[in-house]
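Following: one structure in structure tokens, then a few remarks.
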Protein chains: 2
Amino acid sequence: MKVEEKGTRGEGNQLLARMPAALADLMFAHLEPVSLPQGLVIEQPNEPVEHIYFPTGGVISIVAMNGEGNAQIEAGLVGREGMSGTMVVMGTDRSPHQTTVQIAGTGYRLEADRLRDALEQEPLRERLLHYCHTLSVQTAHTALANAKLKLDARLARWLLMCHDRIDGDEVMLTHDFLSIMLGVRRAGVTVSLHILEGQGLVRATRGQIRILNRRGLEEMVGGCYGVPEAEYARLMRD
Amino acid sequence: MKVEEKGTRGEGNQLLARMPAALADLMFAHLEPVSLPQGLVIEQPNEPVEHIYFPTGGVISIVAMNGEGNAQIEAGLVGREGMSGTMVVMGTDRSPHQTTVQIAGTGYRLEADRLRDALEQEPLRERLLHYCHTLSVQTAHTALANAKLKLDARLARWLLMCHDRIDGDEVMLTHDFLSIMLGVRRAGVTVSLHILEGQGLVRATRGQIRILNRRGLEEMVGGCYGVPEAEYARLMRD
DNA sequence: CGAACTTTGTGCGGCTCCGCACGGAACCTC
DNA sequence: GAGGTTCCGTGCGGAGCCGCACAAAGTTCG
């Protein structure tokens, strides 16, 4: 799932790669390289989206929150395999979720209207719809993990999904940040990380988690990792 | 959210209602009235979908399962406001989920290829994409509920979503069925139902739950019900 | 009407995670 | 290098749900 190349035409993001030249004027000419600092709020709940982001590095996170704003949970994780602003592909300009940069990185952004224009091109629309489908499969499996897995396994799953989207094996994140994503206590993350460390799967230091044994993490998650990834692979190959 | 009318052109299903006449030959002529017996499997994981279902009554349920098939959870609930087979709208023919009839009812079905033809019509495609969007918001909020709510609140949320989709106030379901949807013990459902009963919100008898106090149920769920419903209302009015 | 089956009620020990709380370690700033 | 800030480690009592198990009540069918 790792793609290394960088460039000026959207290279480095898998949704933009290998798209037909017909999109050059409609879309690629309008892509604007941006950096994605940690904590940047990309989309606010129920407010019109102005820019679509295509990461080439780093991780952004889609957070569902309840009506009273007192509960929130990560519902989707997006890296260079994907995009923000999927609701535009679905024909609307806003969603009730919040989207923020979870792990700093880089990418391109595009005005939402430019994307709307470009969606007239069938190959692009189909590709982005396929991505929206895999993202919603990912969300469904997050619902599954939240209901059925113990905290250490959920943490392992999250680390795997994150690892898929970064270069190298080091995730720069605090326990506190993770606890919000997983919807648990910060102390719970600390303890669960120790469990993973005890099995030699990761090494945690202040603000950083190094993945040591991917295979081991996958075993720990026991079948609750990989289905959305397989769906992505099925639809995005070619 | 209640729609009562029945007919021969898809009336009774809110996605099919008030669509332009241009779709008559492409789609409405091919709609086939069907009954939806409880337990009917509408879609199998990773197998091509042959028919799309538009319920006019009853409830169908989209279930996400892990790779090893030993864990499953309801990821989406669909009634006469929606449809099965959303992956066809997204441009593919299969998904890793299973779809079954949860509460017996009626509806129309359509060959998947007929839907593919009809999607060429912009108004239909936009409407169905909007629905897919709200369904994925629903899934995200299921992930939220699974992570943050206690069992009695999750049960209340499920009953509310179900109540939105049926006529009357009686849900015909066993505790066992519910426990599978919620991913918990059957005995846990029994106890939680007693809690709801104790507060006068529902009345449970063998194989049946009667909703007595919707407002009370909504209060019990505390802001974790209603966001997907509001998104549906926003996009589907007109 | 009695037997077989389905559904619901209840209990018990145990694990997981919660809320709360505090101390210590690492890092940053002046 | 002193002081503040952020981050991490740990502990305690308790709530919630688990797995397991069994009894009772309702339903179906011969």
Side-chain angles (χ1 to χ4, degrees), chain A residues 37-39 70-73 102-104 143-159 170-199 202-210 220-222 224, chain B residues 38-39 70-74 102-104 143-159 170-199 202-210 220-222 224:
Chain A
Q38 185 172 40
N70 53 14
Q72 59 180 55
I73 200 81
Q102 190 66 246
I103 295 177
L144 175 61
N146 291 354
K148 306 292 283 188
L149 295 187
K150 284 183 286 187
L151 180 47
D152 46 8
R154 286 177 59 200
L155 179 56
R157 175 175 178 267
W158 197 93
L159 291 173
E170 292 184 3
V171 185
M172 301 304 293
L173 274 185
T174 66
H175 299 186
D176 208 78
F177 229 84
L178 271 168
S179 74
I180 293 170
M181 291 304 101
L182 297 172
V184 298
R185 282 181 316 154
R186 191 272 313 161
V189 172
T190 303
V191 172
S192 286
L193 266 175
H194 291 170
I195 294 174
L196 301 188
E197 267 190 300
Q199 303 185 219
V202 303
R203 174 87 188 103
T205 51
R206 189 188 168 90
Q208 179 196 92
I209 300 165
R210 172 189 288 271
M220 159 154 271
V221 185
C224 282
Chain B
Q38 183 171 41
N70 52 13
Q72 60 180 57
I73 199 83
E74 185 179 80
Q102 190 66 246
I103 295 177
L144 175 61
N146 291 354
K148 305 291 282 186
L149 296 186
K150 284 183 285 186
L151 180 47
D152 45 7
R154 286 177 59 200
L155 179 57
R157 174 174 179 268
W158 196 93
L159 291 173
E170 292 185 1
V171 185
M172 302 303 293
L173 274 184
T174 66
H175 300 184
D176 207 78
F177 230 84
L178 271 168
S179 75
I180 294 170
M181 290 304 102
L182 297 172
V184 298
R185 279 182 318 153
R186 192 273 314 161
V189 172
T190 303
V191 172
S192 286
L193 267 175
H194 291 170
I195 295 174
L196 300 189
E197 268 191 299
Q199 304 186 215
V202 304
R203 173 86 188 105
T205 52
R206 188 185 170 92
Q208 177 196 92
I209 301 165
R210 172 189 288 269
M220 159 154 270
V221 186
C224 282

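Letters A, B, ... mirror the listed sequences (proteins, then strands); counts begin at 1.
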| query | Rounded to the Å, how far apart are Arg203(A) CZ and dC8(D) P? | reply | 12 Å
| Spacing of CH2 belonging to Trp158(B) relative to CG belonging to Leu173(B), to within rounding of 0.5 Å | 4.5 Å
| task | Figure out the CG/P separation between Leu151(A) and dG16(D), and round it to whole Å. | result | 19 Å
| query | When the nearest nucleotide of DNA chain C is assigned to His175(B) and to Gly183(A) on a heavy-atom basis, which residue is associated with the more 5' position? | reply | His175(B)
| Which comes earlier along DNA chain D counting from the 5' end, the contact point of Thr205(A) or that of Arg185(A), where each point is its nearest nucleotide? | Thr205(A)
| Can you tell me how far C1' of dC7(D) sits from CG of Leu193(A), to the nearest Å? | 13 Å
| message | Any non-hydrogen side-chain atom of Ile209(B) less than 4.5 Å from a side-chain atom of Leu196(B)? | response | no
| query | Which whole-number value in Å describes the distance from Gln208(B) CD to dG26(D) P? | reply | 14 Å
| request: Measure the distance from CD1 on Ile195(B) to C1' on dC17(D) and round it to the nearest whole Å. | output: 11 Å
| message | Within the structure provided, determine whether Gln38(B) and Met172(B) are in side-chain contact (heavy-atom separation under 4.5 Å). | response | no
| Arg157(B) side-chain N/O to Ala145(B) backbone N/O, donor-acceptor pair under 3.5 Å | no
| remark: d(Thr190(B) OG1, Leu178(B) CG) to nearest 0.5 Å is 9.5 Å
| query | Tell me: CG of Asp176(B) to C1' of dT27(D), nearest whole Å? | reply | 16 Å
| message | Any donor-acceptor pair, under 3.5 Å, between the side chain of Arg206(A) and the base of dT6(D), if you only look at N and O atoms? | response | yes
| said: Students often get this wrong, so: under 4.0 angstrom with heavy atoms, is Ala187(A) touching a base, only sugar-phosphate, or nothing? | reply: base
| message | Please identify the 5'-most and 3'-most nucleotides of DNA chain C with any atom under 4.0 angstrom from a heavy atom of chain A. | response | dT16(C) to dC27(C)
| query | When rounded to the nearest 0.5 angstrom, what distance separates CZ in Arg203(A) from CG in Leu193(A)? | reply | 11.0 Å
| Choosing from dG11(D), dC17(D), dC8(D), which nucleotide comes nearest the side chain of Arg186(A)? | dC8(D)
| message | In this structure, how many angstroms lie between the C1' atom of dG26(D) and the CE atom of Met172(B), rounded? | response | 13 Å
| query | Between Leu173(A) (CG) and dT6(D) (C1'), how many Å, whole number? | reply | 15 Å
| request: Would you confirm whether Asn146(B), through its side chain, and Asn146(A), through its main-chain N or O, come within 3.5 Å as a donor-acceptor pair? | output: no
